[in-house]
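Okay, so here's the structure we're looking at.
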Amino acid sequence: METDVITIDGPTSSGKNSVGFLLAQKLGYQYIDSGSIYRAGCIFVLRNNIDPYETQKVVEIFKNLKIDIKNDNGSFKVIANNEDVTDILHSSDVTKIVPVVAAIKEVREAAKPIKWDLSKIKNTVMTGRDIGSEIFPDAKHKFYLTADVNIRAKRRFEQLFKKDPSIKYEQVLKDMEDRDKKDTEREVSPLRIPDGAAVIDNSHLTVEQTVEEMLKHIKGNVIASD
């Protein structure tokens, strides 16, 4: 039986992960953050002391990368090469190189079958920056989440401040503006609104309100699980 895929794309801190996870829970779908695939690969790039600009070596890491996603009891775990790497996906070292690695064309090509294979296991909500435009362009329901960059920077700042009280909002804002520019202007799979996607600006919406907006689009076409 063919599985259903709901795609959610959008820039950094637009709420994709929180919204995607809650939407998946409400529908009884599995949730997959495609960004975690690139982050997981970066862990092994770092462990093997590979320069992120050594394209061929980086690509080999991704060609041999085995990913499994566990959604158990409301928790989201990423298993890479049989190791639970969930707690180190967002380490500073990984965060530093993931924009470089994820922009490599051959890496994105190597990641495609990983995403496709994961979606065949169960009905899926998948988030990312090219899921509706490149990976599942024929998905029945596609969404693009966005929010004012200042609001997104505030969200990110509040997350980071808990770990590092010395962090400055101005730096977070600048970093986010730089990341937005790189994501939208990169040659390979640039961030864009997928054809046919419903655009939701959640600048002033909670996660729950954003999910309710999505369910209005989906209602009548998808039967939620008990």
Side-chain angles (χ1 to χ4, degrees), residues 1-10 12 15-50 52 57-143 189 222 224-226:
M1 185 179 70
E2 188 175 343
T3 54
D4 181 44
V5 179
I6 296 172
T7 69
I8 305 175
D9 292 301
T12 299
K16 298 188 298 294
N17 291 346
S18 300
V19 168
F21 190 77
L22 181 59
L23 179 64
Q25 282 188 314
K26 285 183 176 291
L27 294 173
Y29 284 23
Q30 69 170 340
Y31 170 66
I32 296 173
D33 166 21
S34 69
S36 65
I37 297 171
Y38 297 105
R39 287 180 173 273
C42 285
I43 290 170
F44 293 94
V45 168
L46 290 165
R47 284 187 183 172
N48 285 276
N49 296 313
I50 297 171
K57 291 182 179 180
V58 172
V59 172
E60 283 303 311
I61 291 289
F62 279 84
K63 283 184 176 179
N64 294 294
L65 187 63
K66 306 298 180 186
I67 296 289
D68 191 17
I69 304 295
K70 301 292 185 184
N71 289 272
D72 295 325
N73 298 318
S75 65
F76 173 74
K77 293 190 177 298
V78 178
I79 313 300
N81 297 338
N82 298 314
E83 176 188 347
D84 184 350
V85 297
T86 310
D87 292 339
I88 53 177
L89 286 174
H90 292 273
S91 68
S92 59
D93 288 344
V94 169
T95 298
K96 184 177 180 180
I97 70 167
V98 73
V100 176
V101 170
I104 299 171
K105 180 180 179 180
E106 294 86 352
V107 165
R108 300 198 78 85
E109 288 299 318
K112 280 183 180 180
I114 298 175
K115 299 170 190 175
W116 290 331
D117 288 346
L118 288 170
S119 74
K120 292 174 184 175
I121 298 171
K122 186 180 178 182
N123 289 338
T124 301
V125 173
M126 190 177 296
T127 59
R129 287 176 172 77
D130 66 348
I131 307 304
S133 57
E134 298 283 344
I135 310 303
F136 298 103
D138 297 323
K140 191 173 186 178
H141 297 290
K142 296 187 282 188
F143 296 95
S189 298
V222 177
S225 299
D226 293 333

Looking only at the side chains, is there a donor atom on one of Asp84 and Thr86 sitting less than 3.5 Å from an acceptor on the other?
yes

Would you say the side-chain atoms of Thr12 and Arg129 include a donor-acceptor pair closer than 3.5 Å?
yes

Can a donor-acceptor pair be found, under 3.5 Å and without considering hydrogens, that links the side chain of [X] to the backbone of [Y]?
X	Y	result
Lys77	Lys70	no
Thr3	Ser119	yes
Trp116	Ile135	yes
Glu134	Lys112	no
Lys142	Pro137	yes
Asp68	Ile79	no

Classify the ring geometry between Phe21 and Phe76 as parallel (under 30°), tilted (30 to 60°) or perpendicular (over 60°).
perpendicular

Do Asp130 and Arg108 meet the salt-bridge criterion of a basic N to acidic O distance under 4.0 Å?
yes

Taking the basic N atoms (NZ, or NE/NH1/NH2) and the acidic carboxylate oxygens, is any pair closer than 4.0 Å for Lys57 and Glu60?
no

Heavy-atom check, side chain of Asn123 versus side chain of Leu27, under 4.5 Å:
no

Criterion side chain to side chain contact (heavy atoms under 4.5 Å, CB included) against Ile6, the qualifying member of Phe136, Tyr31, Tyr29:
Tyr29

Of all the heavy-atom pairs spanning Phe62 and Cys42, show the shortest one and how long it is.
CZ-N, 4.1 Å

As a quick check of understanding, evaluate salt bridge (charged side-chain N to carboxylate O under 4.0 Å, His left out) for Arg47 and Glu83, giving each step before the final call.
CA-CA 13 Å; Arg47 284 187 183 172; Glu83 176 188 347; 2.8 Å; yes

